[in-house]
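Here the structure is laid out as structure tokens; the discussion comes afterwards.
This structure is a prediction, so every number in the text was calculated from the model and none was measured. Just follow the structure's listing: the first ligand is 1, and inside any ligand the first atom is 1.
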Amino acid sequence: MKITGIELRRIAMPLVAPFRTSFGTETERDVLLVRVVTPDAEGWGECVAMSEPLYSSEYVDGAADALRRFLIPALPAHADAEAVNRAMEPFKGHRMAKAALETAVLDASLRASGRSLGSFLGASRDRVPCGVSVGIMDSVPELLDTVAGYLDEGYVRVKLKIQPGWDVEPVRAVRERFGPDLLLQVDANAAYSLGDAPRLAALDAFGLLLVEQPLADDDMVQHARLARRIATPICLDESIESARHAAAAISLGACSIINVKPGRVGGYLEARRIHDLARAHGVTLWCGGMLETGVGRAANLALAALPGFTLPGDTSASRRYFATDVTAPFELRDGHLDVPTGPGIGVDPLPGVLDEVTVSTEWIPL
Ligand SMILES: CSCC[C@@H](NC(=O)CCC(=O)O)C(=O)O
Ligand SMILES: [Mg+2]
């Protein structure tokens, strides 16, 4: 597929409410969208990097720079997703930047052939059950009201952000208020150390599905040690940046569940490789989120519909984060979101909305 040129478009997406985690508070998403133009179709990809390198080492200005100076210039004039990944391989890291470019190329090629991303990846369902991620709050009563609101909207699983000082008490309160059948899990974003094992073991009393990324992103050995000291299954997020990382984590016993985020692992092809590896080893998967707009959300739903994704993911409705999405909003129905069926990612940014939220746009001819 010949690529005529690529647009880098920065958009500012205010959040409907601050989203607080152990590493900071988000009030707006500074998003980089990548649009690949070919004679037959256009394709979109969303870079999930945050404004600052707090979730991982990537940040959106750095991703734009890596794309502009290294990744896009390395592309062959005729490329498909596999060729794009090969061309980007020599450059280290920048997986979120690479994922955005791969997705845009994949989207363009699938649109040209009239094939949906779900069909290409191997989706086995046409709708997926949706969980919701709930940030750290100023008080337990505020948390309980927020969780009640999301349950009223139909979410089938609740994930609570935790950190030292905000863990056992809020988890106990949610479990006691909403009962033993609520699918409940926590995400520490690497806020604890192995010395906190007794504190994390105290969460075993609440029947959690998992504890996500309790320890440092680069410490699988400590996670393997922690796994022998707590009963709650460990799920890794930040630690898993590739199928190799997933294989290492599985063989070390560092986790029994993986939160798969295509942006974190360099794209949907690598995400599918992790899916296939995890299935072969009986490791449970679910699809994570990075507060994506409808562009990234659509693509994540295609991935979340693969057979190995057996837990509800962080694939929430658009309104969880945005008053107005850049695509037609994804709306929860009976706790599920429909997987787009159109060619490629199956959605298009709405031109009027996109223009309103655009901060800058840059055209790079090939
Ligand atoms: C700003 S926090 C982004 C990373 C976080 N993502 C979520 O909690 C879910 C976000 C979403 O619903 O998209 C995670 O560590 O899993
Ligand atoms: Mg996480």
Side-chain angles (χ1 to χ4, degrees), residues 13-31 46-60 95-96 99 128-137 143 146-147 150 153 155-163 166 184-192 208-217 223 233-241 245 249 255 257-265 271 285-301 303-304 311-322 325 329-330 332 337:
M13 297 286 286
L15 300 184
V16 294
F19 184 55
R20 186 175 161 199
T21 71
S22 63
F23 61 75
T25 301
E26 292 289 309
T27 57
E28 177 181 273
R29 283 291 277 120
D30 171 5
V31 180
E46 179 169 346
C47 179
V48 301
M50 316 299 285
S51 305
E52 301 171 290
L54 295 173
Y55 164 80
S56 73
S57 61
E58 292 196 72
Y59 60 103
V60 67
R95 290 180 172 87
M96 294 175 179
V128 297
C130 298
V132 65
S133 182
V134 183
I136 294 167
M137 303 260 162
L143 175 71
T146 302
V147 171
Y150 289 137
E153 290 184 40
Y155 286 102
V156 302
R157 181 272 278 145
V158 170
K159 158 170 150 178
L160 303 177
K161 291 293 185 178
I162 61 170
Q163 64 183 13
W166 179 267
L184 183 61
Q185 64 193 57
V186 295
D187 185 358
N189 288 108
Y192 295 84
L208 299 179
L209 287 170
L210 57 93
V211 54
E212 184 179 347
Q213 199 67 46
L215 310 180
D217 65 301
H223 278 101
I234 290 177
C235 170
L236 291 179
D237 172 354
E238 289 91 331
S239 293
I240 308 297
E241 293 190 329
H245 285 173
C255 68
I257 303 173
I258 295 174
N259 166 345
V260 180
K261 295 177 180 176
R264 184 190 75 226
V265 301
L285 298 177
W286 55 282
C287 183
M290 292 295 288
L291 288 69
E292 288 93 342
T293 72
V295 172
R297 201 161 295 275
N300 283 352
L301 287 167
L303 181 76
L311 284 179
D314 286 341
T315 50
S316 303
S318 295
R319 61 179 292 185
R320 164 66 185 85
Y321 294 106
F322 309 115
D325 204 340
F330 283 94
L332 214 57
L337 284 180

Are Ser316 and Tyr150 side-chain neighbours, meaning at least one heavy-atom pair lies under 4.5 Å?
no
Considering distance alone, does some N or O of Asp187 sit under 3.5 Å from an N or O of ligand 1?
yes
Report yes if the side chains of Leu209 and Ile257 come closer than 4.5 Å at any heavy-atom pair, otherwise no.
no
Atom 8 (O) of ligand 1: closest protein heavy atom, distance to 0.1 Å, is Ser133 OG, 2.8 Å
May I ask you to check if ligand 1 and Leu291 share an N or O to N or O distance below 3.5 Å?
yes
Looking only at protein heavy atoms, identify the closest one to atom 1 (C) of ligand 1 and say how far it is in Å.
Met50 CE, 3.2 Å
Based purely on interatomic distance, does Asn189 place a nitrogen or oxygen under 3.5 Å from a nitrogen or oxygen of ligand 1?
yes
Hey, does Ser133 have a side-chain heavy atom less than 4.5 Å from the side chain of Tyr321?
yes
With heavy-atom distances below 4.5 Å as the criterion, would you say the side chains of Cys255 and Ile234 are in contact?
yes
Short N or O distance, Lys161 and ligand 1, threshold 3.5 Å exclusive
yes
To atom 10 (C) of ligand 1, the nearest of Phe19, Tyr55, Tyr321 on a heavy-atom basis is Tyr321
Hey, is ligand 1 close enough to Asp237 that some N/O pair sits below 3.5 Å?
yes
Return the residue, atom name and 0.1 Å-rounded distance of the protein heavy atom closest to atom 9 (C) of ligand 1.
Asp314 OD2, 3.4 Å
Measure Gln213 to ligand 1 on non-hydrogen atoms and call it side chain, backbone, both or neither using the 4.0 Å cut-off.
neither
Could you tell me whether Arg20 sits above the aromatic face of Trp166, with NZ or CZ closer than 6.0 angstrom to the six-membered ring centre and within 45 degrees of the axis?
no
The side-chain contact (heavy atoms from CB on, under 4.5 Å) partner of Glu292 among Asp314, Val31, Asn300, Thr315 is Asn300
N or O contact, Gly289 vs ligand 1, cut-off under 3.5 Å
yes
With 2.8 Å as the limit, jot down which protein N, O or S atoms are around the Mg ion (ligand 2).
Asp187 OD2, Glu212 OE2, Asp237 OD2
For a 4.5 angstrom cut-off between non-hydrogen side-chain atoms, does Glu58 reach Arg264?
no
Sorted by chain and residue number, the side chain to side chain donor-acceptor pair (under 3.5 Å) partners of Ser56 (sequence neighbours excluded) come out as none
Polar contact flag for Glu26 and ligand 1 (N/O pairs, less than 3.5 Å):
no
Taking C-beta and beyond as the side chain, do Val211 and Val186 meet within less than 4.5 Å on heavy atoms?
yes
Across all chains, not counting sequence neighbours, the side chain to side chain donor-acceptor pair (under 3.5 Å) partners of Tyr55 are Asp237, Lys261
Give the residue and atom name of whichever protein heavy atom lies nearest to atom 16 (O) of ligand 1, and the separation in Å to one decimal.
Lys159 NZ, 2.9 Å
With a cut-off of 6.0 Å (strictly less than), are more than 12 heavy atoms of other residues, nucleotides or ligands near CZ of Phe23?
yes
Between Met290, Lys261, Arg264, which one has a non-hydrogen atom sitting closest to atom 14 (C) of ligand 1?
Lys261
Any side-chain heavy-atom pair from Phe19 and Thr25 closer than 4.5 angstrom?
no
Listed by chain and number, what are the side-chain contact (heavy atoms from CB on, under 4.5 Å) partners of Ala17, not counting sequence neighbours?
none
Atoms of ligand 1 under 4.0 Å from any heavy atom of Glu212, numbered from 1 in the order shown, are 16 (O)
